[in-house]
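Worksheet for the structure shown next.
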Amino acid sequence: MAVQVRRLMKRQDFVDCKLGRRVPTQSFVIQVLEKPEEAGLGVGFTTSSAAVGNAVARNRARRRLKAVFDEVCRLNPAAAGQGLWLVIVAKAPILKIEHAYLLKDMRKALAEAGVSC
RNA sequence: CCCCUGCACGGGGUCACCGCGAGAGUAACCCUCUCGAGGAAAGUCCGGGCACCCCCAAGCCACCGGCCGGAGAAUAUCCGGGCUGGCCGCUCCAGCCAGACCAACAGGGCCACAGAAAAGAACCACCUGCGCAAGCAGGAACGGGUGAAAAGGUGGGGUAAAAGCCCACCGCCGCUCUCAGCAAUGAGACGGGCGAGAGGAGAUGGCAACAUCGCCUCGAAGGUAACCUGCCGGAGGGUGCAAUACCGAAUAGGGACUCCCAGCGACGCGGCUUGCGUCCGACGCGGAAACGCCGAGGAGAGUCCGGGUUGGCAGCUCGACGCCUGAUGCAAAUCAGCGCGCAGAUGAAUGGUGACCACUCCCGCAAGGGAGCACAGAACCCGGCUUAUACGUGCAGAGGAGAC
RNA sequence: GCCCAUGUAGUCCAACGGUAGAGACAGAGGACUUAAAAUCCUUCCAGUACCAGUUCGAAUCUGGUCAUGGGCA
């Protein structure tokens, strides 16, 4: 069964997640907040200009993170998890890391965050 | 031929798997189809469209622009022409590039230091007079020196000494005329270095202030208007799609009515009352003050009303649009044909991965291997400007005559 | 996205268009002290964010880049 995933939209949601648990990897950080009333998962992406660079680099970083997350969790029928908000924050080396490593890091980080996949 | 610099144009392609946004096919889901970043999307420097507010009569203030002509909705835009400057050590021609390129006699301000003096110039030296001398008075911008800048240059005349004071040539300036040009402007001719201003006396007009006219004497001439300013021209101004319009929860707050509770300083009206009037009166507002104005309950329940936040929806993409073809024009551009094309997101889609082919570089005899592939991401929409840009292509970076 | 403001020593900041640049704190040295703090004296540190233009002359005036900061739902 697939996981129900919703995009986080409001600024307040992102601010709330800053208080949550942090799961770091080489190229990104996941901030996890327990939200029991959330039926599935809420997920947001942050690519700051200070960490990543100009607008083209920010777009590319966000799209790669989305693609990796979709492949590992959102479109994976085996994935399971609920009641969590995840904010995935890009770090500087993200654009230099190969896709396979990003997949590996994402699996590991999501497992640590409480999502099985 | 190579390198570098500048300008213009272009600024990757194909396939597979998995995804995203919008629209259509449907009333909706599934599903299918179509479309889905740029020349700068950037900086936000100009100009508009559009929306709201203010003023809606004109003018002043403030603002913007400034060679001429044309284009354009408009501009600090574009095109053509002129002039000036740079390339360039002297001159001229042609070439390329650049130019915020009206006025310094409307007026004011400023021009440090140096220098006698920085704008109605006398320090030294010069000349004249007085004086034994020191010096004083006057004449006089030729020389010295200072400076970014010192009141045209050369020669001659002239003089006490001098000076455009006069003359010749040259330069510059403005006026007039002729020719060319729509014009800016250019070529030539003629006359002139006069004028502006100050002072004086006079005539005419006028009650007067004053105006006009000619005469006499003196007599300025630098730079800066991206300092104030004057002149000419322009546009109603301001805010900006986070404009603006509509829909509209929950919570809090506002208003009206009803119910409930409490009913309080004094006096009067009133049969009584929670009613009415007057005085006093906390807090508040105006005022320097005097004083004036306003003028009293709640902690509750219900109903209704309007404001308004998160949110939603409209604005939101076909338009002064781009390409192509034809006509006009040196060109910017305009007109015609309708032949082709058309992103609309809102924590924000336009992608991720893999393979192959282009292109460039490196290693290698080769097979092949490795690395790179710029600047950069729409956010209401247009016209410009500016800045960034690997690589590829094209063009230019240059010449002639004379003098030394 | 839109609208503004500001850039000067290590830091905070002055400076009519005129020798290119004042202070304060900090730093260094010295005096005082047994030693330190405080205080006093001396000294060091800028070429005014960058690039052009106007001007005899620019931190200042004008234009353009870059950086930083702020406001608007």
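Chain A is the first sequence line, chain B the second, and so forth, proteins listed ahead of strands; every chain is numbered from 1. Values below: all heavy atoms of this structure, side chains included; hydrogens, waters and symmetry mates excluded.
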Requested in this report: Tell me whether the OP1 or OP2 atom of B:rU353 has a side-chain N or O from A:Arg64 closer than 4.0 Å.
Outcome: yes
Query raised in the report: Between A:Arg62 and B:rA349, does any side-chain N or O lie under 4.0 Å from OP1 or OP2?
Result: yes
Under 3.5 Å, which N/O atoms of the protein pair with N/O atoms of nucleotides 345-347 of chain B?
unit_1, atom_1, unit_2, atom_2, d
B:rG347, O2', A:Leu8, O, 2.6
B:rG347, O6, A:Arg11, NH1, 3.3
B:rG347, N2, A:Thr46, OG1, 3.2

Query raised in the report: Which part of the nucleic acid, if any, lies within reach of A:Asn54 when heavy atoms closer than 4.0 Å are counted: base, sugar-phosphate only, or nothing?
Result: sugar-phosphate
Query raised in the report: Heavy atoms under 4.0 Å, any strand shown: does A:Arg58 hit a base, just sugar-phosphate, or nothing?
Result: nothing
Chi-angle category of [N] [syn within 90° of 0, anti beyond]:
N: B:rG147; answer: anti
N: B:rG39; answer: syn
N: B:rA37; answer: syn

**Report entry** Nucleotide paired to B:rC3 in any strand shown, Watson-Crick or G-U, under 3.5 Å
**Finding:** none
**Report entry** Assigned partner base of B:rG85, Watson-Crick or wobble definition, under 3.5 Å
**Finding:** B:rC97
Distances under 3.5 Å between nitrogen or oxygen atoms of protein and nucleotides 35-44 of chain B:
unit_1, atom_1, unit_2, atom_2, d
B:rA37, N1, A:Arg63, NH2, 3.4

Nearest-angstrom distance from the residue atom [atom1] of [X] to [atom2] of [N]:
X: A:Glu71; N: B:rG351; atom1: CD; atom2: C1'; answer: 13 Å
X: A:Leu103; N: B:rC18; atom1: CG; atom2: C1'; answer: 12 Å
X: A:Leu95; N: B:rG351; atom1: CG; atom2: C1'; answer: 14 Å
X: A:Lys66; N: B:rC20; atom1: NZ; atom2: P; answer: 9 Å
X: A:Phe69; N: B:rC18; atom1: CZ; atom2: P; answer: 20 Å
X: A:Asn76; N: B:rG352; atom1: CG; atom2: P; answer: 21 Å
X: A:Leu65; N: B:rG352; atom1: CG; atom2: C1'; answer: 11 Å

Query - Out of B:rG19, B:rG377, B:rG352, whichever nucleotide has its closest atom nearest the side chain of A:His99 - result: B:rG352
Taking the side chain as every heavy atom from C-beta outward, state whether [X] and [Y] have any atom pair closer than 4.5 Å.
X: A:Arg58; Y: A:Phe45; result: no
X: A:Leu86; Y: A:Val23; result: no
X: A:Gln26; Y: A:Lys91; result: no
X: A:Leu41; Y: A:Cys73; result: yes

Query - Flag, side chain of A:Lys18 to backbone of A:Gln31, donor-acceptor distance under 3.5 Å - result: no
Query - Side-chain (A:Arg21) to main-chain (A:Ala113) donor-acceptor, under 3.5 angstrom - result: yes
Query - Earlier contact from the 5' end, RNA chain B, for A:Val68 and A:Ala57 - result: A:Val68
**Report entry** Which nucleotides of RNA chain C pair, in dot-bracket form (Watson-Crick or G-U under 3.5 Å, | meaning another strand)
**Finding:** (((((((..(((.....[....))).(((((.......))))).....(((((..]....)))))))))))).
**Report entry** Linked, directly or transitively: A:Leu33 and A:Leu8 (ILVMFWY side chains, under 4.5 Å)
**Finding:** yes
**Report entry** Interatomic spacing from CE in A:Met106 to OG in A:Ser27 - rounded to 0.5 Å
**Finding:** 8.0 Å
